[in-house]
Amino acid sequence: MSFGNLVRRHWAALRALLVFTVLLGVAYPLTVWLVAQLPGLSGKAQGSIIRVGGKPVGSKLIGQSFTDNDGKPLPQYFQSRPSAAGDGYDPTASGGSNLGPESIVDTVARPSLLTQVCTRSKAVGELEGVDGLRPFCTAGGVGAVLSVIGPRDSRGNVVHPTRVVSVNEPCPISRRPFRQTYDGVAVECAKPGEDYSIGQIVPIRGAAPDNPAVPADAVTASGSGLDPDISPAYAEIQVARVARARHISPAAVRDAVRDNLRGRDLGVFGEPRVNVLALNLELDRKYRVAG
């Protein structure tokens, strides 16, 4: 290849680099930025920040907690969906717990997904004055799961239990497990650090209703851990508590919930939801909390 051809090819490559640098490195980002400044879009482009008195208090797109310094829910505020992002609602650590439906046995490192759901349901039930019991949960708020130990048949099922342990209940001697017997064998409490994987793991449904009073979004974190919305059902069970704390009628609180209720996008996508931050700010604006 002659020197002249080599120069021409490099010059062509350099021109292509300059053209695409201008188009993709300058023109395209500038166009996107200009479009984002259009009325109706600028707020979303800046993160949908909500301001009170000129000061930012949060974003419509990112959930946050409404608790005191000890982590206890503030009674005058609607509570958000649980979060598994960092220490909770951390945008820099967005993500879920990575626990799936088969996570039903607690470990030393962390409780199972089932126990997390049961614990949250019990806590929400106590806070809101509703029945927090749900299927496969003990009354104490952990997963109702047994390890059934004994000889097995060809399918791996225990046919004659010799020992049964409530694996998620390391209860003291003074307390009994959630179930007294299983297939004629007395149920034991788990001992911390002991491995019961030798047994057949059997979840026990219990007598909880098919449709628990505490809705699913009150006990499960979203995939991002940053969900700013709750379901109308979760908002509804919080109405009475918020009304008592603010000394207003439940009807007034429900009006605020309706003001911040959003339906399915385009009437099809997603589910109806209530933005928690916007709802709490409206309540603060309209109704002062009695000291």
J.: Given side chain to side chain contact (heavy atoms under 4.5 Å, CB included), test R134 with K122 step by step and report yes or no.
T.: CA-CA 9 Å; R134 60 195 319 111; K122 182 176 184 293; over 6 Å; no

J.: Give the cluster check for V158 versus V185: same hydrophobic cluster or not, with ILVMFWY residues linked at side-chain heavy-atom distances below 4.5 Å.
T.: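 As far as the 4.5 Å side-chain criterion goes, V185 and V158 are connected within one cluster.
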
J.: Would you please test D210 and R205 for side chain to side chain contact (heavy atoms under 4.5 Å, CB included) and show each step?
T.: CA-CA 10 Å; D210 291 333; R205 187 195 181 286; 2.4 Å; yes

J.: Hey, could you give me the NZ/CG distance between K60 and N260, rounded to the nearest 0.5 Å?
T.: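 One gets 7.5 Å once the value is rounded to the nearest 0.5 Å.
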
J.: Report yes or no: do L279 and V239 belong to one cluster of Ile/Leu/Val/Met/Phe/Trp/Tyr joined by side chain heavy-atom distances under 4.5 Å?
T.: yes

J.: Heavy-atom distance under 4.5 Å between the side chains of I237 and V124, does that happen here?
T.: yes

J.: Do L277 and P228 touch side chain to side chain, with heavy atoms closer than 4.5 Å?
T.: no

J.: Short question: side chain of R120, backbone of G141 - any donor-acceptor pair under 3.5 Å?
T.: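 Looks like no, no N/O pair under 3.5 Å.
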
J.: Do you know which two heavy atoms are closest between A85 and S224, and how far apart they sit?
T.: CB-O, 3.9 Å

J.: Just do the side chain to side chain contact (heavy atoms under 4.5 Å, CB included) check on Y234 and V274 with the steps written out, would you?
T.: CA-CA 9 Å; Y234 188 20; V274 180; over 6 Å; no

J.: Could you check if a side-chain atom of S112 sits within less than 4.5 angstrom of a side-chain atom of V105, using non-hydrogen atoms only?
T.: no

J.: Please check: side-chain N/O of S147 versus main-chain N/O of Y196, any donor-acceptor pairing under 3.5 Å?
T.: yes

J.: Where is the tightest heavy-atom contact between Y182 and V148, given as atom of each residue plus distance?
T.: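 Nearest pair, atom of Y182 first, then V148: CE2-CG2, 3.6 Å.
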
J.: Which value, rounded to the nearest 0.5 Å, describes the distance between E126 atom CD and D131 atom CG?
T.: 11.0 Å

J.: Drop me the distance from I62's CD1 to S80's OG, to the nearest 0.5 angstrom.
T.: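 Between I62 CD1 and S80 OG, I get 12.0 Å after rounding to 0.5 Å.
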
J.: Contact between R110 and L99 at the side-chain level, heavy atoms closer than 4.5 Å - yes or no?
T.: yes

J.: Using a 4.5 Å cut-off on heavy atoms from C-beta on, say whether the side chain of V253 contacts that of Y287.
T.: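 They are not in contact (no side-chain heavy atoms under 4.5 Å apart), so the answer is no.
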
J.: Of the non-hydrogen atoms in G96 and A84, which two are nearest, and what is the gap between them?
T.: C-CB, 3.8 Å

J.: Without swapping roles, check the side chain of E169 against the backbone of F178 for a donor-acceptor pair under 3.5 Å.
T.: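 Flag set: sc E169 to bb F178 pair under 3.5 Å.
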
J.: Between the main-chain N or O of V187 and the side-chain N or O of R179, is there a donor-acceptor pair closer than 3.5 Å?
T.: no

J.: Keeping the roles fixed (side chain from N168, backbone from D106), state whether a donor-acceptor pair exists under 3.5 Å.
T.: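 Yes; judged by distance alone, with no hydrogens or angles, the pair exists.
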
J.: Under a single-linkage definition using a 4.5 Å side-chain heavy-atom cutoff for Ile, Leu, Val, Met, Phe, Trp and Tyr, are I104 and V165 assigned to the same hydrophobic cluster?
T.: yes

J.: Just so I know, are the side chains of S83 and D90 near enough to count as touching, which here means a heavy-atom distance under 4.5 Å?
T.: no

J.: So for atom CG, which belongs to D87, do other residues, nucleotides or ligands contribute more than 12 heavy atoms lying within a distance under 6.0 Å?
T.: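 No, the 6.0 Å shell around CG holds no more than 12 heavy atoms from other groups.
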
J.: Tell me if a side-chain donor or acceptor on N280 pairs with a main-chain N or O of Y77 at a distance below 3.5 Å.
T.: no

J.: Are the side chain of D217 and the backbone N or O of I230 linked by a donor-acceptor pair below 3.5 Å?
T.: no

J.: Would a single hydrophobic cluster contain both V145 and L133, if residues Ile, Leu, Val, Met, Phe, Trp and Tyr are joined by side-chain heavy-atom contacts under 4.5 Å?
T.: no

J.: Under the salt bridge (Lys or Arg N to Asp or Glu O under 4.0 Å) criterion, do D284 and R246 qualify, and how do the steps go?
T.: CA-CA 9 Å; D284 278 348; R246 292 181 180 270; 2.8 Å; yes

J.: Check the surroundings of atom CD1 in I198: do more than 12 heavy atoms from other residues, nucleotides or ligands lie under 6.0 Å from it?
T.: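 No - once you tally the heavy atoms of other residues, nucleotides and ligands closer than 6.0 Å, there are 12 at most.
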
J.: For residues P111 and Q116, report the shortest heavy-atom separation together with the two atoms involved.
T.: O-NE2, 3.2 Å

J.: Look at the side chain of T119 and the backbone N and O of T115, then say whether any donor-acceptor pair between them is shorter than 3.5 Å.
T.: yes

J.: I'd like to know if the side chain of T138 and the backbone of A144 have a donor-acceptor N/O pair within less than 3.5 Å.
T.: no

J.: Would you say that D259 contacts K286 through its side chain, given a criterion of any heavy-atom pair below 4.5 Å between the two side chains?
T.: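 Yes, side chains in contact.
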
J.: Tell me which donor-acceptor pairs under 3.5 Å the side chains of residues 65-74 have, and how far apart each pair is, sequence neighbours excluded?
T.:
residue	atom	partner	partner atom	Å
D68	OD1	D70	N	2.9
D68	OD1	G71	N	3.0
D68	OD1	K72	N	2.8

J.: Side chain of R273, backbone of G263: donor and acceptor closer than 3.5 Å?
T.: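 At least one qualifying donor-acceptor pair exists.
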
J.: Give me the atom names and distance for the closest heavy-atom approach of P135 to A208.
T.: N-CB, 3.4 Å

J.: Do you know which two heavy atoms are closest between T220 and R81, and how far apart they sit?
T.: O-NE, 2.7 Å

J.: If you measure from CG on D229 to CG on L261, what distance do you get to the nearest 0.5 Å?
T.: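 Answer for the CG-CG pair, D229 versus L261, is 10.0 Å.
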
J.: Could you give the distance from CG (L113) to CD (E102), rounded to the nearest 0.5 Å?
T.: 11.5 Å

J.: Mind checking side-chain hydrogen bond (donor to acceptor under 3.5 Å, both in side chains) for R163 and listing every partner two or more places apart, or none if nothing turns up?
T.: E188, E194

J.: Answer yes or no: is there a side-chain heavy-atom contact under 4.5 Å between S166 and C189?
T.: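 Sidechains of C189 and S166: no contact.
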
J.: Report yes or no: do V219 and V130 belong to one cluster of Ile/Leu/Val/Met/Phe/Trp/Tyr joined by side chain heavy-atom distances under 4.5 Å?
T.: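 Yes, one cluster joins them.
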
J.: R262 vs N275, test: side chain to side chain contact (heavy atoms under 4.5 Å, CB included). Steps then yes/no.
T.: CA-CA 8 Å; R262 182 178 177 184; N275 189 275; over 6 Å; no

